[in-house]
Amino acid sequence: MMKPMRAALTCCVLLGLALTGWNAGPGRAGQRSTPVSAGDGSTGLQIQNSVLRIEFDHNLHSQVTALLGSDPKLLTPFSTSETVAGVNRTWSDFALSASHREQVSDSFGAGERLSLTGKSGDLRKDISVTIYADFPSLAIFEVEYTNEGATRLSIRGWANHQYLLTSLPAAHGPAFWSYQSGSYEKRPDWVRPLRQGFRQENYLGMNASDYGGGTPIVDVWRKDVGLAVGHVEPGPRLISLPVSMPDADHARVAVRSTREQTLEPGESFHTLRTFVSVHQGDYFRTLTEYRRLMVRQGFQMASAPDSAYGPIWCAWGYGRSMKLKQVYDTLPTVKKMGFAWVTLDDGWQNNYGDWVVDPKKFPHGDADMKALVDRIHEEGFKAQLWWSPLSAVPNSQLLKEHPDLALLNLDGSRRKVSWWNSDYLCPAEPRVTEIQKALVRKFLGEWGFDGLKLDGQHMNAVPPCYNPAHHHKRPEDSVEALPDFFRELYQTARSVKPDALVEFCPCGTAYSFFTMPHFNMSVASDPESSFQVRSKGKTLKALMGDNIPYFGDHVELSDGATDFASTVGVGGVVGTQFVLPELVTKHSKFDLTPEHRKIFDKWIGIYKEKMLSRGEYLGSLYDIGFDLPETHAIRKGESMYYAFFARQWSGPIELRGLQDRAYHVLDYENHKDLGTVHGPTATIPADFRQHLMVEADPE
């Protein structure tokens, strides 16, 4: 936390001086630079490096300039970027009274810090901005407010990084694209163009009874440059990151809290540690830098077994009414088609909460479940079990015997998980954790499953818990304990089976970064389009890295129910929930028809031959919004793989990321020779519908 400034540090110390930072551009982290002169008539109350500049005026308003490329790009005008709200007023103008600069070294490395103090009536504002050598594209803010008056102040909330971005002149198409991390019942795209009149609050608490949470970042970018804001606290916090486009030429972003509190005379409060970041290209750079920054705070992603990259068949196509005979009779086809995993989905259990096998389907109880797992193993598959660990139906034996395990709302009612008509269990209650860990040991140890599929939109966040039986220090304890709950489950799974696969499927919600170290397979999580398959893949690869497999979810959820290309093209693991038509009475898109069988056989073969899920996803090469056609690139060995997507395209396409050498280019889906090119960048003509899959091999 930032320490209050001493009164002796008056503003005359540094007024008129350019506060220089570290020149640590890409590939040069940690190298001390020569000072970068402002040269633009600025006030001098600024901190900068070779990538960005943060500048303040004498009321502690600030503006952000990107120093990428040949010319500085002013991203935001001076604005009341950090404010605090009271009952009948908002404090936004703080007359500068002191400033200070210092070199620092902490868990993020070496850097430079600019600290400023200002006054607005009885409220003092202390703000520090730090730019680190190893993270040159980010500036980290710490803001503290102190009541220096004689009476208490009622605080209704605060805001950091309230910026207004201006569009490029005469822009064609969308002026801005955005990455937004709020979770909503409608399951909107995480990556989307902004339209005039758009607004999304991106509240990271609950936006419906069981939809909430997300990664604490939003990003808005133009074709030339972008800006992101967020926080770098080590756990989930109940804030909003609103994004809006009030008119045709501007976009707004902010980090906001509506937490109410009272400041007694002499008392202070800190906002969160927040950041602003600038970049070229799309949001991928922001998320990868955020991940690197969080690694410095101890966050490490999990490790995945080799088996995690095998294609997946899931019995969910047969639904909750699945019969064991359907699973047994489908296994020979699953084996012939080359799948590696068999997932037993929702419907195996008696209810949500007790997690006992359904006696109608497993008349001999656990013995029947063990026999099923043994049969799956005998056929050469790995076995995965679906499970929803935070939900329990009201009439479950668990809640009948232990009603005090439930998460309670402020009015004392139980919080509902709407999809399954269940109640939330509280992840901050140790007894809940111990009961669920015992189930993990049973599923993997006694029954013999090789992996778990954790499922439910309610897993991404939980509401504050007011259950007095839990003795929480604060209701938010439940919110902040959720990552720890999943850590306990993951560590238990790996202790039972070191090569266990733990898939995390938060059903359309936007994923919380803080749970990511505690599972080893991400998933497109009920995508509503092929674009969601691709954009979620890009997002999760940025946040988790290439060593955690990304499952593109069941192909039947993609456009046309057969779009394997979207999963393969972003380096995802392929999967399906097909059913054999002769085993069902109601037919649907899940039927494995002869036509679908040909498509499936082709793409499973392509997936297993190329194994792009083990490649390096090069998300910074192409802007998912402004580069047309939409392009994704993967490096594997010395070869480059490109996936181009458009409804219809006729024209040149660009192959980026090549070395300075000749390459033979192939449409690897259709085995069509596309000629020879020379790197580092090459252009070839193309004419395709939906997608084109290109391989470039060095000659």
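These numbers come from a predicted model, not from an experiment. Just so you know, these numbers use all the heavy atoms, side chains as well, and skip hydrogens, waters and symmetry mates.
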request  = Count the heavy atoms of every other residue, nucleotide or ligand shown that sit under 6.0 Å from CD of Glu582, and state whether that count exceeds 12.
outcome  = yes

query = Would you find more than 12 non-hydrogen atoms of other residues, nucleotides or ligands less than 6.0 Å from Lys602 atom NZ?
reply = yes

Can the ring centres of [X] and [Y] be said to be less than 6.0 Å apart?
X      : Y      : value
Trp387 : Phe443 : yes
Phe600 : Phe564 : yes
Tyr550 : Tyr617 : no
Phe135 : Phe275 : no

ask   = Stepwise, does the side-chain contact (heavy atoms from CB on, under 4.5 Å) test hold for Thr515 with Met459?
value = CA-CA 10 Å; Thr515 61; Met459 297 196 308; over 6 Å; no

Counting distance only, does the side-chain N/O of [X] pair as donor-acceptor with the main-chain N or O of [Y] below 3.5 Å?
X      : Y      : value
Lys497 : Phe449 : yes
Glu379 : His377 : no
Thr215 : Phe513 : yes
Arg291 : Ala542 : yes
Arg285 : His279 : no
Ser178 : Gln180 : no
Gln384 : Leu501 : no
Asp189 : Arg192 : no
Tyr490 : Pro517 : no
Ser566 : Asp563 : no

Quick check for you: to the nearest 0.5 Å, what is the distance between [X] atom [atom1] and [Y] atom [atom2]?
X      : Y      : atom1 : atom2 : answer
Phe339 : Leu331 : CZ    : CG    : 12.5 Å
Asp329 : Leu583 : CG    : CG    : 5.5 Å
Arg647 : Phe645 : CZ    : CZ    : 15.0 Å
Asn520 : Asn547 : CG    : CG    : 11.5 Å
Arg635 : Leu621 : CZ    : CG    : 7.5 Å
Glu289 : Met294 : CD    : CE    : 13.5 Å

ask   = Is a salt bridge present between Asp601 and Arg597, judged by a nitrogen-to-oxygen distance below 4.0 Å?
value = yes

Are [X] and [Y] side-chain neighbours, meaning at least one heavy-atom pair lies under 4.5 Å?
X      : Y      : result
Gln659 : Pro698 : no
Glu654 : Asp627 : no
Arg661 : Leu658 : no
Gln577 : Asp345 : no
Ser588 : Glu556 : no

query = After noting the C-alpha distance and the side-chain angles of Asp553 and Lys536, does the key distance pass the salt bridge (Lys or Arg N to Asp or Glu O under 4.0 Å) rule?
reply = CA-CA 11 Å; Asp553 215 327; Lys536 288 181 177 186; over 6 Å; no

Nearest heavy-atom neighbours spanning [X] and [Y]:
X      : Y      : value
Lys382 : Ile376 : O-CG2, 3.9 Å
His632 : Ile624 : CE1-CD1, 4.0 Å
Asp559 : Ser529 : OD1-CA, 3.6 Å
Ala66  : Val225 : CB-CG2, 3.6 Å
Tyr511 : Cys505 : OH-CA, 4.5 Å
Gly571 : Lys541 : O-NZ, 3.3 Å

task = Could you tell me whether Arg375 sits above the aromatic face of Tyr328, with NZ or CZ closer than 6.0 angstrom to the six-membered ring centre and within 45 degrees of the axis?
result = no

message = A cation-pi test, strictly: NZ or CZ of Lys610 under 6.0 Å from the centre of the six-membered ring of Tyr641 and no more than 45 degrees from its axis. Yes or no?
response = no

Flag for [Y]-[X]: side-chain donor and acceptor within less than 3.5 Å:
X      : Y      : result
Arg187 : Tyr211 : yes
Asp697 : Ser639 : yes
Tyr607 : Thr567 : no

request  = With side-chain hydrogen bond (donor to acceptor under 3.5 Å, both in side chains) as the test, would you mind laying out the steps for Thr676 and Glu699 before giving the verdict?
outcome  = CA-CA 9 Å; Thr676 300; Glu699 292 190 335; 3.2 Å; yes

message = Can you classify the ring geometry of Phe504 versus Phe519 as parallel (below 30°), tilted (30 to 60°) or perpendicular (above 60°)?
response = parallel

task = Apply side-chain contact (heavy atoms from CB on, under 4.5 Å) to the pair Phe644 and Trp649, showing each step before the final yes or no.
result = CA-CA 9 Å; Phe644 300 93; Trp649 181 266; over 6 Å; no

inquiry  = Asp346 vs Lys453, test: salt bridge (Lys or Arg N to Asp or Glu O under 4.0 Å). Steps then yes/no.
reply    = CA-CA 10 Å; Asp346 186 4; Lys453 176 184 177 180; over 6 Å; no

key: Audit row: Leu482, Phe514, side-chain contact (heavy atoms from CB on, under 4.5 Å) steps and yes/no   = CA-CA 9 Å; Leu482 187 62; Phe514 306 105; over 6 Å; no

message = Going by ring pair (Phe, Tyr, Trp, His ring centres under 6.0 Å), Tyr283 matches just one of Tyr290, Trp177, Phe626, Trp221. Which one?
response = Trp221

message = So, applying ring pair (Phe, Tyr, Trp, His ring centres under 6.0 Å) with Trp348, which one of Tyr318, Trp447, Trp316 is it?
response = Trp447

request  = Could you walk me through whether His691 and Glu669 pass side-chain hydrogen bond (donor to acceptor under 3.5 Å, both in side chains), step by step?
outcome  = CA-CA 10 Å; His691 64 260; Glu669 176 188 359; 2.9 Å; yes

task = Please assess Leu344 against Met369 for the test side-chain contact (heavy atoms from CB on, under 4.5 Å), listing each intermediate value before the final yes or no.
result = CA-CA 10 Å; Leu344 187 62; Met369 179 64 87; 3.8 Å; yes

